[in-house]
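Step one of this worksheet: look at the structure below.
Counting from 1, the numbers follow the sequence of the chain as shown.
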Amino acid sequence: MNLKPAEMRTLQFGPLWVLSAVAGTYNRFKSYELAAFWDTIVAVALRTPLPTRDILTSMAKDRSDLLLDFELDDRPVVSGLRQILEILNRVESQTSNDFRLALIRIGIDVARNRGPYGRTITGEQEQLLLLLAEL
């Protein structure tokens, strides 16, 4: 996948926009939310094919700079996800599908971690994930 640096950064922001939507905050994440999020990124990356795996692992290697760039970015969740779709429409269809699936898996895992006993997703979170999947 041959992406410009700005496009790669936009794709790296994708999981953070999902976290923002599920957590209900743009950048004031609690430390335990971020810890669970990074664990989720690693877990999803392990079961995701290349080159999507490379995008996810690059996030984990660059956590502090990525979070700073994300905080400075002014795109709302919906606009950011739309830009991701624009990028994914220009890459190989399998890679596009893998990245979309990874975002959904991340959303499900984050929502599950936030749900009762860390095992189930609340109805509200489920509706939010369905909306994100539609975007």
Side-chain angles (χ1 to χ4, degrees):
M1 190 164 45
N2 193 10
L3 298 172
K4 297 175 185 172
E7 292 173 324
M8 175 61 93
R9 198 48 134 193
T10 296
L11 292 179
Q12 289 174 325
F13 285 170
L16 287 164
W17 280 315
V18 170
L19 172 63
S20 293
V22 174
T25 183
Y26 191 72
N27 59 17
R28 299 206 189 284
F29 306 113
K30 295 176 175 79
S31 60
Y32 62 85
E33 286 176 320
L34 282 174
F37 171 75
W38 292 119
D39 288 348
T40 296
I41 294 296
V42 170
V44 171
L46 289 174
R47 59 182 196 239
T48 300
L50 296 171
T52 297
R53 180 184 315 145
D54 289 339
I55 296 168
L56 297 176
T57 56
S58 72
M59 291 177 61
K61 292 177 187 174
D62 186 24
R63 293 176 188 191
S64 59
D65 287 341
L66 179 67
L67 286 171
L68 178 60
D69 288 350
F70 184 72
E71 288 179 18
L72 297 174
D73 190 85
D74 62 352
R75 291 175 282 187
V77 172
V78 173
S79 297
L81 292 176
R82 282 192 183 140
Q83 287 184 348
I84 286 174
L85 290 178
E86 291 172 11
I87 295 167
L88 293 178
N89 286 336
R90 295 191 310 265
V91 301
E92 176 189 297
S93 65
Q94 186 60 51
T95 300
S96 176
N97 291 338
D98 290 343
F99 193 82
R100 293 169 199 242
L101 182 58
L103 287 179
I104 295 298
R105 286 179 173 162
I106 290 165
I108 289 168
D109 285 356
V110 168
R112 186 176 294 123
N113 286 334
R114 293 179 55 82
Y117 305 106
R119 298 195 178 268
T120 60
I121 299 172
T122 65
E124 180 182 318
Q125 299 278 316
E126 184 178 346
Q127 291 300 314
L128 178 63
L129 289 172
L130 291 172
L131 178 61
L132 288 174
E134 283 296 315
L135 293 174

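Rounding to the nearest 0.5 angstrom, the gap separating the CD1 atom in I84 from the CG atom in N89 is 12.0 Å. Atom CZ of R63 sits about 9.0 Å away from atom CD1 of I41, to the nearest 0.5 Å. Note that the CG atom of D74 and the OG atom of S79 stand 9.0 Å from one another [nearest 0.5 Å]. For the atom pair CG (L3) and CD1 (I87), the distance works out to 7.0 Å, reported to the nearest 0.5 Å. Separating the CD1 atom in I106 from the OG1 atom in T40 is a distance of 7.5 Å, to the nearest 0.5 Å. With rounding to the nearest 0.5 Å, the separation of CD in Q125 from CD1 in I108 is 12.0 Å.
In this structure, T95 and T52 approach most closely via the heavy-atom pair O-OG1, 3.5 Å. Summarising the geometry of L103 relative to P15, their closest heavy-atom pair is CD2-N, 3.5 Å, with the distance given to 0.1 Å. Taking every heavy atom of both residues into account, L56 and A102 meet most closely at CD1-CB, 4.1 Å. Of all non-hydrogen atoms in V110 and F37, the two that sit nearest each other are CG2-CD1, 4.2 Å. Contact record, A21 with L128: O-CD2, 3.0 Å, taken as the closest heavy-atom pair.
Residue E71 places its CD atom among more than 12 non-hydrogen atoms of other residues, nucleotides or ligands, all under 6.0 Å distant.
With sequence neighbours excluded, the residues satisfying side-chain hydrogen bond (donor to acceptor under 3.5 Å, both in side chains) with R114 are E33. Residues satisfying the side-chain contact (heavy atoms from CB on, under 4.5 Å) test with L67, not counting sequence neighbours, are L16, L34, W38.
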Determine, step by step, whether R82 and V78 satisfy the side chain to side chain contact (heavy atoms under 4.5 Å, CB included) criterion, reporting the C-alpha distance in whole Å, the side-chain angles of both residues, the deciding distance to 0.1 Å, and the verdict.
-> CA-CA 6 Å; R82 282 192 183 140; V78 173; 3.8 Å; yes

T120 and R112: side chain to side chain contact (heavy atoms under 4.5 Å, CB included), yes or no, with the steps?
-> CA-CA 5 Å; T120 60; R112 186 176 294 123; 5.9 Å; no

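Residues L101 and I121 do not share a hydrophobic cluster, clusters being chains of Ile/Leu/Val/Met/Phe/Trp/Tyr side chains in contact below 4.5 Å.
T25 is not listed as a side-chain neighbour of K30, based on a closest heavy-atom distance of 4.5 Å or more. Residues L129 and V22 are in side-chain contact: their nearest non-hydrogen atoms beyond the backbone lie under 4.5 Å apart.
Judged as a salt bridge (Lys or Arg N to Asp or Glu O under 4.0 Å), the pairs with a partner in residues 89-102 (not counting sequence neighbours) are, in order, E7-R90. The stretch residues 37-59 participates, sequence neighbours left out, in these salt bridge (Lys or Arg N to Asp or Glu O under 4.0 Å) pairs: R47-D109. Within the structure, the side-chain hydrogen bond (donor to acceptor under 3.5 Å, both in side chains) test picks out the following pairs touching residues 8-20 (sequence neighbours left out): R9-Q12, R9-D62, R9-D69, T10-R75, Q12-S58, W17-Y26.
The aromatic rings of F13 and F70 stand perpendicular to each other, their planes meeting at an angle above 60°, with 30° marking the opposite boundary.
The other members of the hydrophobic cluster of L72, by chain and number, are L68 (side-chain heavy atoms under 4.5 Å, ILVMFWY only).
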